[in-house]
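First up is the structure itself, then whatever we jot down about it.
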2 protein chains.
Amino acid sequence: MAARTPPGQTRRQVLRFMRERLIAGRPPTVREVQEAFKFRSVQSAREHLEILVEEGKLTKEPGVSRGYRLPGPPLIPPFAPVPLLGQVQAGALTEAIEDPDGGYIGVQSAGSNDDIFALKVTGESMIDAGILPGDVVIVRCQPTADSGDIVVALVDGEATVKLLKKRRQRVELHPANPAFEPIVPAPGDLSLLGKVIEVRRYLEK
Amino acid sequence: MAARTPPGQTRRQVLRFMRERLIAGRPPTVREVQEAFKFRSVQSAREHLEILVEEGKLTKEPGVSRGYRLPGPPLIPPFAPVPLLGQVQAGALTEAIEDPDGGYIGVQSAGSNDDIFALKVTGESMIDAGILPGDVVIVRCQPTADSGDIVVALVDGEATVKLLKKRRQRVELHPANPAFEPIVPAPGDLSLLGKVIEVRRYLEK
DNA sequence: TTGAATACCAGACATTTGTATGGTATCCAA
DNA sequence: TTGGATACCATACAAATGTCTGGTATTCAA
């Protein structure tokens, strides 16, 4: 028999292990849990897992392989890597996404992540909206947006973050900083990249 | 025999199906693919899958159940789930972390994620630091912090986000909003939970 | 016309994997 | 002491699942 551990200690680690695997999209089998914890019996792993289910820390679909899940209802969206872009020049969006200079960061999104990218913000034009220089905005590509949305658009060949406002027949790109002027593109001349769905600020590396 | 479909058409849909399931963290079995496409033979599903692997559209771990994977970008950053807390009462931090009411969010961190949690911000006291109500701050637990760090501390039995400033012999908790007053705890009476290492704002569900 | 390529089917087999039953050892409280 | 609770082990069985062999029908190009 293996060393007996204090009550609950191994179980906490099993839960951690499960969370990592499940979030990574690779639900483990009971025997993989056994392996990971060097149990000499499958049943040891199974007992921990079943107890975690009873405690509500996990759920499972009985009978199906790799059937343990993280409990909802707050459905935990999966992570997927999205490209982090630095500077984006006009027209070069596709290539920039293919080979991002900033690497990838993880985003949780309900739908597909194919049309999502991240962009590092330069400039202080959105400071009153709580978007500071160096912040990262996460953008879902879409050709249109609603009034009031924070969007990323190409202005003078560069990607900028602005507040979109619809006025009568035209759209305007408003900064959130009194020191900057609104941008009013000619009708039909707005190249919208997408809508900002998340803002992140990394304070420490 | 089922209807014969044009070349490549079914396969594209199989790939779509696989992507959805894999992104959702629930890799399907061959037979689940068979079911989804109403194949009358397992082999039909398997052939599509194997061809997708040959084409590089999928990868797989042979022999393991639910072994098909997305080919990834080469380096998938290490995500780990971190508990998202709502309101934190004094002393209840440990329990709140064990059983978070906000579920989990994914964080990429250099070190261990054991001592990291996330907290939903209420109130406008940090608005000038670009932290708005509803934002999520990600916190590394640590007993001390440097002057100038944004920290989470227990004030009147509740967790609050403030800017830490060290003045001579004492520390002060400064809001980033002129409408609020600094908090000056009695010396040695500061219960620091940790330091804010990241800020997030979710603009869209 | 022939043969290769594609899409699919049928049935079987072997491995992986979930599940069950019963056992040993340690701790702790009544 | 006694009994329960906890942690772990050994082994077996059945269901789920990956894999294989061989087959039919359709399309298309040589």
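Just so you know, these numbers come straight off a predicted model, no measurement behind them. To find a chain, count down the sequence lines: A is the first, B the second, and so on, and within it residues start at 1.
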Problem - For atom CG of A:Leu58 and atom P of C:dG18, their distance in whole Å - result: 13 Å
Practice task
Quickly work out the A:Gln34 CD to C:dG18 P distance and round it to whole Å.
Solution key: 11 Å
Can you give me the N/O atom pairs linking the protein to nucleotides 17-20 of chain D at distances under 3.5 Å, or say none if there are none?
unit_1	atom_1	unit_2	atom_2	d
D:dT17	OP1	A:Ser65	N	3.2
D:dT17	OP1	A:Ser65	OG	3.1
D:dT17	OP1	B:Arg66	NH2	2.5
D:dG18	OP1	B:Arg66	N	2.8
D:dG18	OP2	B:Val30	N	2.7
D:dG18	N7	B:Arg31	NH1	2.6
D:dG18	O6	B:Arg31	NH2	2.6
D:dT19	OP1	B:Lys60	NZ	3.2
D:dT19	OP1	B:Gly63	N	2.9
D:dT19	OP2	B:Arg46	NH1	2.8
D:dT19	OP2	B:Lys60	NZ	2.6
D:dT19	O5'	B:Arg46	NH1	3.4
D:dC20	OP2	B:Arg46	NH2	3.2
D:dC20	N4	B:Gln43	OE1	3.0

Exercise for the section: Report yes if the side chains of A:Val152 and A:Val196 come closer than 4.5 Å at any heavy-atom pair, otherwise no. Expected result: yes
Problem - Rounded distance in Å - CZ (B:Arg12) to P (C:dT6) - result: 14 Å
Handout entry: With B:His48, the ring-ring contact (aromatic ring centres under 6.0 Å, His included) member among B:Phe39, B:Phe37, B:Tyr68
Key = B:Phe39
Handout entry: N-O pairing of B:Glu172 and B:Lys165 below 4.0 Å
Key = no
Problem - Carboxylate-amine/guanidinium proximity below 4.0 Å for B:Glu61 and B:Arg69 - result: yes
Practice task
Check the distance between D:dC9's C1' and A:Phe37's CZ and give it to me in whole angstrom.
Solution key: 17 Å
Problem - Toward the 5' end of DNA chain C, by each residue's nearest nucleotide, A:Glu47 or B:Phe39 - result: B:Phe39
Problem - Any B:Ser44 side-chain nitrogen or oxygen under 4.0 Å from OP1 or OP2 of C:dA7 - result: no
Practice task
List the steps, then state whether side-chain contact (heavy atoms from CB on, under 4.5 Å) holds for A:Asp149 with A:Leu163.
Solution key: CA-CA 6 Å; A:Asp149 284 352; A:Leu163 180 63; over 6 Å; no
Handout entry: Contact under 4.0 Å: B:Thr10 side-chain N or O vs C:dC8 OP1/OP2
Key = yes
Exercise for the section: In whole angstrom, give the distance that lies between atom NE2 of A:His48 and atom C1' of D:dA5. Expected result: 14 Å
Handout entry: By side-chain hydrogen bond (donor to acceptor under 3.5 Å, both in side chains) - contacts of B:Glu35 (at least two apart)
Key = none
Exercise for the section: Give the rounded distance in Å between these two atoms: CZ of B:Arg11 and P of C:dA5. Expected result: 14 Å
